[in-house]
2 protein chains.
Amino acid sequence: MTDRDANEATERRRGSGAKIVYDVLRDEILDLVLPPGGPIDEVELAERFGMSRTPIREALVRLAGEGLIETLPNRSAIVSNIDFLNMHAYFDALTLMYRVTGRLAAEHHKPADIARIAALQAEFERAVEAQDALAMIATNAAFHLAIAEAGRNPYFTALFKRLLDEGRRILRLYYQSYDDRLPHRFVVEHEEMIAAIAARDLVLSEQLGKVHADQIVEQVRKLLVREERLDLML
Amino acid sequence: MTDRDANEATERRRGSGAKIVYDVLRDEILDLVLPPGGPIDEVELAERFGMSRTPIREALVRLAGEGLIETLPNRSAIVSNIDFLNMHAYFDALTLMYRVTGRLAAEHHKPADIARIAALQAEFERAVEAQDALAMIATNAAFHLAIAEAGRNPYFTALFKRLLDEGRRILRLYYQSYDDRLPHRFVVEHEEMIAAIAARDLVLSEQLGKVHADQIVEQVRKLLVREERLDLML
DNA sequence: CCCGGAAATTTTGTCGACAAATAGAATACA
DNA sequence: TGTATTCTATTTGTCGACAAAATTTCCGGG
């Protein structure tokens with residue numbers, strides 16, 4: 001255990017405790033630092049962050065609300081497992097949200113949105129060139145979330161955010177086992193999406209969203225098949 | 001204040017505290033017993049439910065996670081306001097979810113689902129005949145949620161549940177000011193939806209979902225215009 | 001009479017402690 | 001040796017109390 005967190009936490013603003021814990025744990029769950037199914041000990045976290053169990057528990061309740069952890073009554077909470085059985089439901093939802101957010105962004109975006117989206121795309125491009133897997137995952141999610149926000153529909157944005165979060169865990173597996181060279185195709189598709197949105201072409205934006213989604217789904221499917229084969233070989 | 005809650009809470013199982021408070025407050029918010037924008041006092045709730053502030057706070061954190069209340073740092077939490085400005089975003093999301101859940105239910109339902117949906121529809125019909133507004137709202141939401149669950153996609157179901165919840169507050173306004181006689185059309189449309197789902201007609205189910213959504217959107221739009229006029233007359 | 005600042009009150013965020021519930025260890029028994 | 005049972009120990013759920021932040025009240029000056 002690192003006591004870095006505890007040291008930094010010696011002096012902080014009142015009310016920020018739970019948020020800090022929430023943010024850190026959320027990232028650690030999504031980056032697979034905390035393994036799915038792994039137990040979550042409240043006192044351990046309290047010691048690590050240098051605060052009492054109260055703000056820890058608040059953070060855990062919020063994480064449970066988003067489905068990132070599961071709490072059994074009177075028993076230790078665990079990091080949510082990745083549900084490989086209902087994966088088709090995830091893909092369906094993800095594909096539809098790519099389409100919808102693409103269309104709505106083309107319809108409702110303002111100039112500042114395009115600038116922001118383009119900036120995040122540039123970041124993503126740099127991450128791809130540097131072959132920094134974690135940065136790729138993070139900036140890719142930020143890029144698509146920016147498109148969703150340009151669509152100005154908080155209900156779709158919230159669902160999409162949840163799906164992209166869950167996707168971060170799956171992609172983490174992907175980039176761990178693959179060879180980190182594929183995604184240049186994603187860069188090109190991103191550029192096309194930006195152009196279609198900026199041109200306010202609703203139909204094309206939605207279509208590109210679907211193409212992009214199918215692309216990702218296909219990659220992950222390949223990964224899953226490969227993993228299954230590895231399992232069989234053990 | 002009623003001390004009924006406090007009396008009932010004298011003996012309850014450990015771990016149930018926060019859930020009770022969450023369920024009660026959720027219903028009171030959605031039925032407009034707690035007015036939007038109204039403050040939420042933790043100690044008052046603690047006295048009312050006969051427990052300490054800890055489980056109360058846990059319930060509030062969960063409600064905040066679902067957007068039913070808003071918490072300002074170091075300041076009292078308030079019941080979320082109904083956002084009449086971004087109503088079009090709500091209608092867009094609701095319409096799409098009606099379509100998607102209708103289609104997926106037609107695709108993935110099992111016999112038991114149809115029985116359950118039909119039972120809830122019968123309940124809805126009884127509520128309409130009895131002109132019981134609160135029962136109509138609740139059973140209508142339960143009916144559509146059952147369709148969503150028959151679609152077997154938890155991501156869509158979760159979003160739809162959230163939208164139906166938010167809709168409960170809007171419909172509550174609707175049934176308060178209108179004359180509680182309209183909805184027989186809804187009964188007929190519900191029957192058509194059940195038939196299309198049972199026949200596994202994906203296209204028709206999705207189309208009926210859209211028709212039903214447009215119907216509701218139109219009714220609420222009329223209500224909103226009427227309300228605005230009332231405002232102008234004050 | 002209105003405005004600005006200080007004191008008092010209210011309300012939240014955090015803490016340490018205790019009790020209930022469960023899991024694990026140790027023991028008795030077949 | 002395997003199984004049931006009691007005992008121990010860990011971990012959660014709840015409580016009451018305290019301190020920080022913010023709201024309200026009060027008061028003095030203009």
Side-chain angles (χ1 to χ4, degrees), chain A residues 1 3 5-26 29 34-35 37-65 67-80, chain B residues 1 3 5-26 29 34-35 37-65 67-80:
Chain A
M1 147 190 154
D3 48 6
D5 306 292
N7 289 340
E8 286 179 1
T10 46
E11 205 171 334
R12 59 182 161 69
R13 277 206 307 282
R14 172 190 164 89
S16 64
K19 179 169 171 41
I20 292 174
V21 178
Y22 168 82
D23 288 336
V24 171
L25 287 185
R26 180 170 172 280
I29 291 172
L34 297 176
I40 305 213
D41 187 10
E42 293 181 3
V43 286
E44 181 188 318
L45 290 174
E47 288 174 10
R48 175 182 161 195
F49 287 97
M51 55 183 80
S52 102
R53 276 174 53 222
T54 306
I56 305 286
R57 280 178 66 85
E58 179 175 332
L60 294 185
V61 170
R62 286 170 62 181
L63 289 170
L68 291 178
I69 70 174
E70 290 167 20
T71 68
L72 304 173
N74 290 319
R75 205 126 19 105
S76 168
I78 62 168
V79 178
S80 293
Chain B
M1 145 188 155
D3 48 6
D5 303 292
N7 290 339
E8 287 179 1
T10 45
E11 205 170 335
R12 60 184 159 69
R13 279 206 306 282
R14 171 189 164 90
S16 63
K19 178 171 171 43
I20 292 174
V21 177
Y22 169 81
D23 287 336
V24 171
L25 287 186
R26 182 170 171 280
I29 291 172
L34 296 177
I40 302 202
D41 187 10
E42 293 181 5
V43 286
E44 181 189 318
L45 290 174
E47 289 174 10
R48 174 182 160 195
F49 286 96
M51 55 184 78
S52 101
R53 277 174 52 221
T54 306
I56 305 287
R57 279 178 69 84
E58 179 175 332
L60 295 184
V61 170
R62 286 170 60 182
L63 290 169
L68 291 178
I69 69 174
E70 289 167 18
T71 68
L72 305 174
N74 290 320
R75 201 122 24 103
S76 169
I78 61 169
V79 178
S80 293

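Lettering follows sequence order; numbering is per chain, from 1.
- Taking 4.0 angstrom as the limit, B:Arg75 places a side-chain polar atom (N or O) nearer than this to OP1 or OP2 of D:dT23.
- With A:Ser80 contributing its side chain and A:Gly67 its backbone, the two residues share a donor-acceptor pair below 3.5 Å.
- As a whole-Å value, the separation of A:Leu45 CG from C:dT14 P is 15 Å.
- Taking the nucleotide of DNA chain C with the nearest heavy atom to each of B:Val43 and A:Ser52, the more 5' of the two is matched to B:Val43.
- In this model, the phosphate group of D:dT12 is not approached by any side-chain N or O of B:Arg14 to a distance below 4.0 Å at OP1 or OP2.
- In this structure, A:Glu58 atom CD and D:dT12 atom P are separated by 17 Å, rounded to whole Å.
- The distance from atom CZ of B:Phe49 to atom C1' of D:dC15 is 18 Å, rounded to the nearest whole Å.
- Atom CD1 of B:Ile20 is separated from atom P of D:dG13 by 14 Å (rounded to the nearest Å).
- In this structure, B:Glu42 reaches the sugar-phosphate backbone alone: every heavy-atom distance under 4.0 Å involves primed, P, OP1 or OP2 atoms, never a base.
- Between B:Ile29 and B:Ile69, the closest side-chain pair of non-hydrogen atoms falls below 4.5 Å.
- Applying salt bridge (Lys or Arg N to Asp or Glu O under 4.0 Å) to B:Glu42 and the options B:Arg57, B:Arg75, B:Arg48 leaves one that passes, B:Arg57.
- A:Met51 places its CE atom 12 Å from the P atom of C:dG16, with the value rounded to the nearest Å.
- Note that CD of A:Glu58 and CG of B:Leu60 are 10.0 Å apart. Values are rounded to the nearest 0.5 Å.
- The distance between atom CZ of A:Arg62 and atom P of C:dG13, rounded to the nearest whole Å, is 11 Å.
- A:Ile56 comes within 4.0 angstrom of no nucleic acid atom, judged by non-hydrogen atoms across all strands.
- Comparing A:Asn74 and B:Leu72, the nucleotide of DNA chain C nearest to each residue sits closer to the 5' end for B:Leu72.
- When rounded to the nearest whole Å, the span between CD1 of A:Ile69 and P of D:dT12 equals 11 Å.
- At a threshold of 4.0 angstrom between heavy atoms, the contacts of B:Leu60 with the nucleic acid are absent.
- For B:Arg53, counting side-chain heavy atoms from C-beta on, the closest listed nucleotide (D:dC18, C:dC15, D:dT12) is D:dC18.
- Within the 4.0 angstrom heavy-atom criterion, base atoms lie near B:Thr54.
- Using a 4.0 Å heavy-atom criterion, one finds that B:Thr71 contacts no nucleic acid atom at all.
- Computed from coordinates, the A:Arg57 CZ to C:dC15 P distance equals 14 Å when rounded to whole Å.
- Rounding to the nearest 0.5 Å gives a distance of 11.0 Å between CZ of B:Arg62 and CG of B:Leu25.
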